[in-house]
Every structure is written in structure tokens, then in C-alpha cells.
Amino acid sequence: MTNQVYLFDKISNQTLYKGEAKIDFSGNEGLLVSFNNDTHHFEWRIWKKGLVIRSESDIIVNLTLRLNSQTKGHIETEFGKIDLDCHTSHYDVDENCVEVKYSLIQGNEKQEFHFVLYINKEETYAVN
């Protein structure tokens with residue numbers, strides 16, 4: 001089965017990825033969606049109540065996100081590890097789409113993110 005995903009950054013209005021993805025079931029009715037472009041490897045572990053995002057490129061980003069919760073994340077660079085606080089202000093998931101809006105906080109610095117991951121499974125397409 002071929003799976004297609006589309007990752008869209010709503011703040012910059014940019015497509016970050018559009019193409020094939022591997023989708024596996026993760027524990028407790030979760031879903032693992034993994035995909036690659038030329039410079040990044042992405043993994044989204046999706047559950048009804050939360051999300052873990054892992055992105056690997058020159059840096060590695062690990063975030064745990066839950067709606068209306070203060071959670072933790074970190075960024076690993078060649079210079080070391082930076083710990084972050086995460087606050088998720090919007091999280092909506094259904095079988096074909098995940099939308100998440102969150103802030104990463106380090107000290108007095110805060111950065112906002114808003115992504116939508118669209119998931120289409122080949123078996124849901126109409127065959128002509």
C-alpha cells in the first residue's frame with residue numbers, strides 16, 4: 001500500500017513535504033508516519049491525545065506535544081543539547097489529517113509553530 005502525505009507550515013504558508021510516507025501502527029491505537037526529503041527525516045507518532053515529532057537533519061528535534069499541556073522537548077546540535085518547554089494551544093486529529101499549533105519556549109524566548117499533516121492512504125482513493 002502506498003501512502004501519500006502533505007506537510008504544510010501554516011505560519012509561512014509553505015509546503016515542507018509532499019510525497020510518499022511509511023505508515024505503521026504504534027502502540028495504544030497510535031500511528032507512526034515517517035517520511036524523508038533530500039535533507040530531512042520526519043517521524044510523527046500520532047495519538048488522539050498527543051503527538052511526538054522527531055525531525056532529523058543537521059540538527060535533531062524531539063518534541064512531545066499534548067493539548068493545553070506544558071511538555072518537554074529538545075534540540076541536539078553538534079554543539080550539544082538544548083532543552084525546551086513546549087505548550088500546545090491547538091491539536092486536532094482525524095484519520096486523514098493532524099493539525100497542531102504549539103510554542104517552543106527557552107527562557108524568555110518563545111517561537112510559534114503551526115503545522116498540518118494530511119494523510120491519504122491509497123486504499124481510500126476511488127479506482128476508475
So that I can tick it off, tell me whether Glu112 and Lys110 are bridged by a salt bridge, with the cut-off set at under 4.0 angstrom between side-chain N and carboxylate O.
yes
Let me check something: do Leu31 and Val100 share a hydrophobic cluster, defined by ILVMFWY side-chain heavy atoms less than 4.5 Å apart, either directly or through other members?
yes
Would you compute the distance between atom CD of Glu95 and atom CD1 of Ile119 and round it to the nearest 0.5 angstrom?
9.5 Å
Under 4.5 Å between any side-chain heavy atoms of His90 and Asp92, yes or no?
yes
Residue Asp83 excluded, over 12 heavy atoms near CG under 6.0 Å:
yes
Would you give the length of the straight line joining atom NZ of Lys48 to atom CG of Leu67, rounded to the nearest 0.5 angstrom?
14.5 Å
When the ring planes of Phe35 and Phe42 are compared, do they come out parallel, tilted or perpendicular, using 30° and 60° as the limits?
parallel
Which pair of heavy atoms, one from Val61 and one from Ile59, lies closest together, and at what distance?
CG2-CD1, 4.0 Å
Membership question, hydrophobic clusters at under 4.5 Å side-chain separation (ILVMFWY): are Leu65 and Ile105 in the same one?
no
Kindly work out whether a path of hydrophobic side-chain contacts (I/L/V/M/F/W/Y, heavy atoms less than 4.5 Å apart) joins Phe8 to Trp44.
no
List, one per line, each side-chain donor-acceptor pair under 3.5 Å for residues 74-82, sequence neighbours excluded.
| residue | atom | partner | partner atom | Å |
| --- | --- | --- | --- | --- |
| His74 | NE2 | Asn62 | ND2 | 3.2 |
| His74 | NE2 | Glu76 | OE2 | 3.0 |
| Thr77 | OG1 | Phe79 | N | 3.0 |
| Thr77 | OG1 | Gly80 | N | 3.4 |
| Thr77 | OG1 | Gly80 | O | 3.3 |

Cys97 and Val116: CA distance, side-chain angles, deciding distance, side-chain contact (heavy atoms from CB on, under 4.5 Å) verdict:
CA-CA 7 Å; Cys97 180; Val116 181; 3.6 Å; yes
In terms of heavy-atom contacts, does CD of Gln70 have more than 12 from other residues, nucleotides or ligands at under 6.0 Å?
yes
Could you give the distance from NE2 (His41) to CZ (Arg54), rounded to the nearest 0.5 Å?
8.0 Å
Side-chain contact test, heavy atoms from C-beta onward, threshold under 4.5 Å: evaluate it for Val33 versus Glu43 and give yes or no.
no
d(Asn120 CG, Ile23 CD1) to nearest 0.5 Å is 9.0 Å
Check: Gly50 main-chain N/O paired with Tyr91 side-chain donor or acceptor under 3.5 Å
yes
Any side-chain heavy-atom pair of His114 and Glu99 under 4.5 Å
yes
Stepwise side-chain contact (heavy atoms from CB on, under 4.5 Å) check, His40 with Glu56:
CA-CA 6 Å; His40 283 79; Glu56 294 180 34; over 6 Å; no
Here the pair of heavy atoms bringing Gly73 nearest to Cys86 is N-SG, 3.8 Å
Would you mind reporting whether Ile11 and Phe115 have side-chain heavy atoms less than 4.5 Å apart?
no
One should read off an interatomic distance between Ile60 CD1 and Ser55 OG, to the nearest 0.5 angstrom, of 9.0 Å
According to a hydrophobic-cluster definition based on side-chain heavy atoms being under 4.5 Å apart (Ile, Leu, Val, Met, Phe, Trp, Tyr only), do Tyr6 and Phe113 belong together?
no
Once rounded to the nearest 0.5 Å, what's the spacing between atom OH of Tyr102 and atom CG of Leu84?
10.0 Å
